[in-house]
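Please read the structure below before turning to the comments.
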Protein chains: 2
Amino acid sequence: MLDIRFEKTTAPKQIPGKEDPLTFGTIFTDHMFIMNYETGKGWHDARVVPYQPIVLQPSAMVFHYGQEMFEGLKAYKTAEGKTLLFRPDKNIERANRTNERICIPTIPEEDFLQAIKAVVKADEAWIPEKEGTSLYIRPFIIATDPFLGVRPSDTYMFIIILSPVGAYYPEGLNPVKIWIEDEYVRAVKGGIGEAKTGGNYVASLKSQVKAHDAGYSQVLWLDGVERKYIEEVGAMNIFFKINGTVVTPMLNGSILPGVTRDSVIALCKEWGIPVEEKRISIDDIFEAAHNGTLEEVWGTGTAAVISPVGHLRWGEHVMQVQDGGIGPVSQKLYDTVTGIQTGKVEDTLGWTVEV
Amino acid sequence: MLDIRFEKTTAPKQIPGKEDPLTFGTIFTDHMFIMNYETGKGWHDARVVPYQPIVLQPSAMVFHYGQEMFEGLKAYKTAEGKTLLFRPDKNIERANRTNERICIPTIPEEDFLQAIKAVVKADEAWIPEKEGTSLYIRPFIIATDPFLGVRPSDTYMFIIILSPVGAYYPEGLNPVKIWIEDEYVRAVKGGIGEAKTGGNYVASLKSQVKAHDAGYSQVLWLDGVERKYIEEVGAMNIFFKINGTVVTPMLNGSILPGVTRDSVIALCKEWGIPVEEKRISIDDIFEAAHNGTLEEVWGTGTAAVISPVGHLRWGEHVMQVQDGGIGPVSQKLYDTVTGIQTGKVEDTLGWTVEV
């Protein structure tokens, strides 16, 4: 149990109005959570303080050797005015798996949850209420030793910042176009692909720019060894419905284990839809599209929840899914997950946590 | 040609004395170079200012998505009091290749060199003169947009800091023990392995800790696809002398193209020693050790220049090289490269640049 000091802001910012448009990750609330780590002393000095800049030595390890991790989850306001978190335990578990992979000291799960709740509570008035909006929660840890040798840092900062965000697709659920990358690789087994750390995202930028320039919104990665098995989309896991069965790449060591991915698998099972986690070759998907058994494709992630995919390109090959529209399972998953998140659908699986 | 503003420190620090022990990357000089980038405005506001902390928003992209790069080179003081840089053009070329891979705007080569010279000139008095010491130069770039979306940043800081460093091996050239990693992978073709960016270093930490705990000083990486071809050592490239021929892994897209590596290849050719850059399987190395044709092993890098390798472990297999001593080619390379760097050996290849 953390002893969290609270220093309230003396200069509160203007909270966006109900009708103000919200984008993603551009405005931040009045407060932030900070906790420090030092070898021998452990995690200490937990505090909620006014949102403020971070001051670091130019030699701080995070600037040089990428020892940094993050998580992303959301808080929602229900019609009754309650504040709900969606499966924060899953994010916290994953955070500590990331920490272990990149030699950052873990944080006790109950302390992590307490920290999230404390800062969300402080800025509860910032949670937007309009359909599709939420308060995005970004916990992250950075290595702060002022030392240029390559080794795990002895000091860290754990920080949580909050950003009110709009609906990912302002005009409602909208199918996206996906670029299948055949030149660059995001991650490989034995590497850091299943950790939520900056190195995986920086590796994706060049493909993302290439895809955007060609009119595509996201990149689908293939495996780094054989370059034929489907891994994930940059910010999402990916699902295919083929001939009545839902398939998604198995967690193989190079894929991020998504919380929404896990939730979608659980819901499909609940609904009696067969789900398989397995190795999926890109050839099999194109063949299913060709012979008419590819029924739906969608991505899952915290930001957009469910993103129907309407179009995929792999070199010269293009496939169209659902005539570019939204499939019934994609729609039902979106309605159910966002319904549970906002308290509109009964949470029979015990996924929400009240702040 | 940059217009570099100079703000001299008003609180100079104590420069270490001639006999003070120096380590690596722990103390920094009085000044640093800074230049900012903004889309539409380009690189601007070049300045040499007092060494000072960096102040960033907690949402700054470098903390979340690893968009950061660095370089490492050294300045040396000759017996005549000249200040020499060693092949800075190679570091600058590589810096811009890294920039292109991770979507950071490039810096004109002549501006980059001018920036290095300006800050080294400002702190010339900090260059240590004792055998084996030098002024380590660390240029780096960080992404500073206060935005949580994943895309290349629109703003950056380019910074150069300086650190007087001691001899890498205080007791002179000393063979190291190398751990061959068979579980984790550093990089794979198509990824960011040939870029000098934090993501590659964070990926290496867990193996490094494992190797250190077992009494080994460095990790040798195998390829991420077949797990049998030799890539590089964490902070060095690797060379083997087998039956009179020097071999080193070819630059295959996942290996860092080292400046010392390039210099060693050039010197061997100069000396008439056959050199081959090729795919090298770990089995071939163990076989050469077994049949007595493995004559020398050494690593190359800016920090230690040449590191003779005396011992390698691959799972249960152990090999001893040169009875754990230093081979004649390793020694000659070390003497020649450090000799050229410090002006003691004639620079017939035009590698040094005077500040």
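Each chain gets a letter, A, B and so on, in the order the sequences are listed, and its residues count up from 1.
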Count the heavy-atom pairs under 4.5 Å between each of [options] and chain B, then report the option with the highest count.
options	answer
M157(A), R138(A), R186(A)	R138(A)
Q208(A), Q57(A), R101(A)	R101(A)
M32(A), Q67(A), K196(A), Q52(A)	Q67(A)
V209(A), V225(A), I142(A), L205(A)	L205(A)
R227(A), E226(A), H212(A)	R227(A)

> Of the non-hydrogen atoms in P58(B) and P53(A), which two are nearest, and what is the gap between them?
Replying inline: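 That closest heavy-atom pairing would be CD-CA, 4.2 Å.
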> Parallel under 30°, tilted from 30 to 60°, perpendicular over 60°: which one fits the rings of F140(B) and F63(A)?
Replying inline: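 Answer is parallel, since the angle falls under 30°.
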Using heavy-atom distances under 4.5 Å, tell me whether [X] contacts chain A through its side chain, its backbone, both, or neither.
X	result
A203(B)	both
P152(B)	both
I161(B)	side chain
L56(B)	both
L148(B)	both
Y65(B)	both
V62(B)	both

Nearest 0.5 Å please: distance from the [atom1] atom of [X] over to the [atom2] atom of [Y].
X	Y	atom1	atom2	value
R151(B)	S204(A)	CZ	OG	13.0 Å
E68(A)	H64(B)	CD	NE2	8.0 Å
D145(B)	T26(A)	CG	OG1	11.5 Å

